[in-house]
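Shown next, in structure tokens, is the structure this report addresses.
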Amino acid sequence: MPNNNTLTAPVLTDITDDNFVQAYQQFIKQGDFISLTRQFEQGFKQTGKDNTLNFSVNGAKVSLLDSGVLLIEPQSSATSEKPSKSIVISSGIHGNETAPIEIVQQLISDIIAKKIPVKHATLFIMGNPVAMNISKRFQTENLNRLFCGKHQEIAPCFEKYRAEKLETYVSDFFNAGADKGTSATTNRSNNSNNEVTNYHYDLHTAIRDSKYEKFAIYPYQGDKPWDKEQLTFMAACGVNTILFGHGPSGTFSYFSSAKFSAHAFTVELGKVRPFGENNMANFQAMTDNLSALICGNEITLKSFNNKDFNLFKVLGDITKVSDDFKLFIGDEISNFTDYPVDTLLSTDTGAEYRTTQPGESIVFPNAKVGNGQRAVLMVVPTTLL
Ligand SMILES: O=C(O)CCC(=O)N[C@@H](CCC(=O)O)C(=O)O
Ligand SMILES: [Zn+2]
């Protein structure tokens, strides 16, 4: 497993390599996608124009596009009702956030074991295999700041390369499902009015404890209204604390939302733990509902009521500007802790941050980010009309 910080081009394994062939065959039999992903962390070379790494399961075509990137498409003859959704389920954008990777593993292995019949095209992603292998959030750059082309602004490293590749896979996937697909073979929509709805759930876990264990960031929607049905879907998944994003960003969920009008969320499912130490029963509602979405099973949702949620409006970021940045929030303080008005939270070269609003609360405080990056997200409670 090559692993160096000065990577200028990834070291790709040839798919005719004996080790790869063996590992791929084992994956087809056992569905252990984490193992395959970790063995070939930087990716592999495809031969020829067509994707040769595919096989059929239960009427679906399974295509391995890259390390940690698996496309599953229902074959049109295998489903009476036509596909109307394109679904991206991503995990491991931060390599040490293992619970989401294990959720994706579970869904994939259930599909391969024919426990989940696939009705809607689904793209599964384990985002940063190099960081997974070193049990770190990232190797060189925070991958979840590099989407929407921001990868073009940084020096060569694995995350720069990977962000560009992931953007391409997701773009190709949503484009293939779109009504305006360029040909009958690339247009995934076969339903009568040819409408396909896009979804992207980017699963994460948080560095510190949170007053509300599970929560989601709903990417900034510009003039579009917040979708209440999506909020109730999140609640059905066990996530009833929602932060409404305040502006464009370089996150993966914002990319799918802004570029492909996907219903998209960054979902935080609890605290970061090493592989094998997650209580998977804690994510059952999320796994079951994602599985139901993929199968096309009916999902019964409550109608939206503010009382069922903890909703927060993002006031803005505290950005670390210089090496002088000081944060007065201890490591033991939980996300969503609120502070009285006029509390000093940070100082930096020529600047300080004091709370200004009742109920002002902190999310993701992290003094170790690079200069120019978000060190804290400031939120206040809100309701939807
Ligand atoms: O716990 C933390 O400090 C970070 C957890 C995490 O990775 N959160 C995402 C949120 C993305 C967003 O703001 O939409 C991130 O920081 O990338
Ligand atoms: Zn994360």
Side-chain angles (χ1 to χ4, degrees), residues 144-145 202 204-235 237-251 253-254 257-258 263-271 302-321 325-348 351-369 372-385:
N144 212 21
R145 303 292 177 271
D202 183 32
H204 288 245
T205 47
I207 296 169
R208 56 177 74 211
D209 284 323
S210 300
K211 205 165 136 191
Y212 310 109
E213 190 202 26
K214 297 188 179 75
F215 58 99
I217 298 102
Y218 197 154
Y220 174 66
Q221 295 293 297
D223 293 337
K224 275 198 288 177
W226 306 106
D227 187 301
K228 287 180 178 161
E229 194 178 33
Q230 277 297 300
L231 297 183
T232 57
F233 177 70
M234 278 291 111
C237 293
V239 183
N240 72 339
T241 298
I242 310 286
L243 281 59
F244 297 113
H246 64 309
S249 77
T251 66
S253 65
Y254 179 77
S257 171
H263 292 301
F265 290 87
T266 308
V267 188
E268 303 286 345
L269 290 169
K271 201 174 167 180
K302 285 174 79 177
S303 54
F304 176 82
N305 186 334
N306 278 292
K307 289 200 187 83
D308 296 332
F309 290 88
N310 308 300
L311 303 177
F312 290 90
K313 181 170 80 173
V314 173
L315 287 178
D317 298 341
I318 302 180
T319 302
K320 175 175 173 177
V321 175
F325 181 77
K326 286 196 179 50
L327 187 62
F328 306 115
I329 301 171
D331 288 346
E332 73 291 356
I333 306 295
S334 302
N335 288 319
F336 298 101
T337 298
D338 61 314
Y339 291 84
V341 169
D342 207 33
T343 305
L344 179 67
L345 292 185
S346 69
T347 56
D348 207 334
E352 62 174 33
Y353 187 92
R354 284 178 189 274
T355 51
T356 58
Q357 303 213 19
E360 199 169 331
S361 312
I362 51 138
V363 185
F364 304 139
N366 185 353
K368 294 191 191 118
V369 296
Q373 300 219 348
R374 175 180 84 196
V376 195
L377 189 63
M378 300 306 303
V379 301
V380 280
T382 189
T383 52
L384 282 190
L385 292 175

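Index from 1, following the sequence.
Legend: side-chain hydrogen bond (donor to acceptor under 3.5 Å, both in side chains) pairs involving residues 213-227, not counting sequence neighbours, sorted by first then second residue: Glu213-Asn282, Lys214-Asn282, Gln221-Ser257.
When the side chain to side chain donor-acceptor pair (under 3.5 Å) test is applied to Asp348, the partners found at least two apart in sequence or on another chain are Ser322. For Ser249, the side chain to side chain donor-acceptor pair (under 3.5 Å) partners two or more places apart in sequence, or in a different chain, are Thr251. Not counting sequence neighbours, Glu229 has no partner by the salt bridge (charged side-chain N to carboxylate O under 4.0 Å, His left out) test. Taking Glu352 as the reference, Arg354 meet the side chain to side chain donor-acceptor pair (under 3.5 Å) condition, with sequence neighbours excluded. By the side chain to side chain donor-acceptor pair (under 3.5 Å) test, Asn144 is found to be paired with no residue, residues two or more places apart in sequence or in another chain being considered.
Across every non-hydrogen atom of Ala264 and Ser253, the tightest pair is CB-O, 3.4 Å. Contact between Thr232 and Lys302 at its shortest, heavy atoms only, is CG2-O, 3.2 Å.
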Do Lys271 and Thr205 pass the side chain to side chain contact (heavy atoms under 4.5 Å, CB included) test, and can you show the C-alpha distance, the side-chain angles, and the key distance before you say yes or no?
CA-CA 5 Å; Lys271 201 174 167 180; Thr205 47; 6.0 Å; no
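The closest side-chain heavy-atom distance from Leu384 to Lys228 is below 4.5 Å. Counting heavy atoms from C-beta on, the side chains of Leu377 and Ile362 never come closer than 4.5 Å. Within the 4.5 Å cutoff, the side chain of Leu327 has heavy atoms near those of the Val376 side chain. Annotation: side chain of Pro358 is in contact with side chain of Val341 (closest heavy-atom distance under 4.5 Å). Contact of the Met234 side chain with the Phe309 side chain is not registered, since no non-hydrogen atoms from C-beta on lie closer than 4.5 Å. Annotation: side chain of Ser361 is not in contact with side chain of Lys211 (no heavy-atom distance under 4.5 Å). The shortest distance between side-chain heavy atoms of Gln357 and Val380 falls below 4.5 Å.
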Could you give the side-chain donor-acceptor pairs of residues 328-340 under 3.5 Å, partners two or more places apart or in another chain?
| from | atom 1 | to | atom 2 | distance (Å) |
| --- | --- | --- | --- | --- |
| Asn335 | OD1 | Phe364 | N | 2.8 |
| Asn335 | ND2 | Ser210 | OG | 3.0 |
| Thr337 | OG1 | Ser334 | O | 2.7 |

Can you give the donor-acceptor pairs under 3.5 Å from side chains of residues 237-244 to other protein atoms, not counting sequence neighbours?
| from | atom 1 | to | atom 2 | distance (Å) |
| --- | --- | --- | --- | --- |
| Asn240 | ND2 | Asp308 | O | 3.0 |
| Thr241 | OG1 | Asn310 | ND2 | 2.9 |

Give every donor-acceptor pair under 3.5 Å between a side-chain atom in residues 312-320 and any protein atom, sequence neighbours left out.
| from | atom 1 | to | atom 2 | distance (Å) |
| --- | --- | --- | --- | --- |
| Lys320 | NZ | Ala367 | O | 3.0 |
| Lys320 | NZ | Val369 | O | 3.0 |

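When each of Leu231, Leu311, Thr382 is paired with Asn306, the side-chain contact (heavy atoms from CB on, under 4.5 Å) condition holds for Leu311 and for no other.
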